[in-house]
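Worksheet for the structure shown next.
Convention: sequence-line order gives letters A, B, ...; per-chain numbering from 1. Only this structure's heavy atoms are used, side chains among them; waters, hydrogens and symmetry mates stay out.
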Amino acid sequence: VKKKSYWNRIADAAQLHSEPLPGLSFVEIASDCRVLIERHQGVMKYDRQQICVKTTYGCILVGGCNLVLTEMTHAQLVITGRIESVLLKRRNG
Amino acid sequence: MMHIFDSFQGCLTVEITNAAPEILLHKLNQSGISMRNVQYLNALTVSFEIKRRDYGKLRQIAEKSGSSTKTLKSNGIYWNVKRLLFRPVLLSGIIGLILLTLFLPTRILFVDIKGNERLSTSLILEKAELCGINFGASRRNVRSEATKNKLLSLLPELRWAGVNTYGCVAQITVQEKSDLQEGAVADKIRHVVAAKDGIISELTIFQGSAQCKVGQAVAKGQILVSGYIDHGISLEATCADAEIMGYTGNVLSTVTPIERLVRDGRAGRETKYQLLLGKKLINLGKDSGISDVKCVRMYEERYLTLPGGFRLPVALVLEQSIPYALHTKCVEDPGDYAWVKTAAEDYLQSQMLSGEILHSNTLEGIDDGLYTLYGTYQCREIIGRIRSEEKLIADE
């Protein structure tokens, strides 16, 4: 069993399970039409059916229809459209 | 959606064509350029919104990566203001409107009069204009005490005057002096005097001391009932009141032409337009405005009124001239004097307060195209009239 990271142990001790850990990417899905990704590392692939966003722990593949990058700043990225799937593809996987 | 702060700075919608648009987006993102509404157009082309200040940086990155950029749209308040600079007429109109918005509330555009009963509004307005309360006057000056005092000195009939301003309206509130305040003492002393020469036939006194009796001949202006009552050791001043009937003699001379001109149908209508600006009348027609004798003139002023009921000093004046055809008509059957007699008696009756014609002697005739009637009438009528003492002294 892999040992938990320092930040994970602090979060568990403080019972902050719902809060994002510092320095790590954070993905939030609002209903079926909006995905918010914080602390991303850029867009790897972009078309209307699929958007691949690079994060600290791998790539997040957002699939759907009529996908649009509504907002793209250094800190966060907002994808809107009809969301069909959100898939995490680990770097080492 | 554009933020309000971005809107002030201005935004641009840019289209970029690159072999790998994702990589370019990543580079732009790494360099700190924020993008909105990133639209996938095709495998090589994307479009997005950026801030105006980031455009230079975007051009540099795009050129380095061999991309072609195209500006599709510029939006935001910054660009709208910049576009406005190329429309000087509209810009000057907006500036003029702003200046008027700032200037107009400091000026008086309408004057409203309240509280006057006997004094006419036009007279108060005329005097107010002399005091500086007129169209375009400063609101600050209008409200001063000096203006109110000047108005009171120009209109001595006023007891009090106040000027308030509500927006562009100056409201002059006045209070008039009452009769009792003017001459309360003088009004208490009144006499009943004879209005005509005559012989008193009936005497009914309600207040005051009698100075005549039934059957006495009296002259015009003679005091019949005095307002002073002598109590022996004191003299009471009252307001005399009495009903005094008397026999009077009246002489009446009536003259009327046998023939007269009668209007006979309209012969068209002519309308003349004039523009009234304040007190200046601008003639919009060509003629002098002097109408023919045979014309009937109708004068109408149509003022420009705002929805609140305030009237602007601008009016369209319509002056209609309606010419008539005239023809001569004989008044009545020549030789029949009954209608002249009736007219004379009606006139005499209308001159009496109350009374009747007892006897009349008339002499009729036709002279130089005129009916003439000379009559002497014996009447019985009210000859007593109430007069104040002050008035009596003035008459003498």
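- In this structure, A/His74 contributes its side chain and B/Asn29 its backbone to a donor-acceptor pair below 3.5 Å.
- Shown here is B/Lys57, whose NZ atom has more than 12 heavy atoms of other residues, nucleotides or ligands within 6.0 Å.
- Of the two parts of B/Ile33, only the backbone, made up of N, CA, C and O, holds a non-hydrogen atom closer than 4.5 Å to a non-hydrogen atom of chain A.
- For the atom pair OH (B/Tyr40) and CG (A/Leu69), the distance works out to 12.5 Å, reported to the nearest 0.5 Å.
- With hydrogens and angles ignored, the 3.5 Å screen pairs a side-chain donor or acceptor of B/Glu22 with a backbone N or O of A/Tyr46.
- Within a 6.0 Å radius of NZ in B/Lys148, more than 12 heavy atoms belonging to other residues, nucleotides or ligands are found.
- Counting heavy atoms from C-beta outward, A/Thr70 and B/Asn37 have side chains that approach closer than 4.5 Å.
- Annotation: B/Leu276, atom CG; neighbour count of heavy atoms from other residues, nucleotides and ligands within 6.0 Å is above 12.
- Here the side chains of B/Gln39 and A/Arg48 are in contact, with some heavy-atom distance below 4.5 Å.
- Atom CZ of B/Arg139 has more than 12 neighbouring heavy atoms from other residues, nucleotides or ligands inside a 6.0 Å radius.
- Other residues, nucleotides and ligands place more than 12 heavy atoms under 6.0 Å from the OH atom of B/Tyr299.
- Between the side chain of B/Arg36 and the main chain of A/Met72, no donor-acceptor pair closer than 3.5 Å is present.
- By the neighbour-count criterion of 12 heavy atoms within 6.0 Å, atom CZ of B/Arg302 is sparsely surrounded, having that number or fewer from other residues, nucleotides or ligands.
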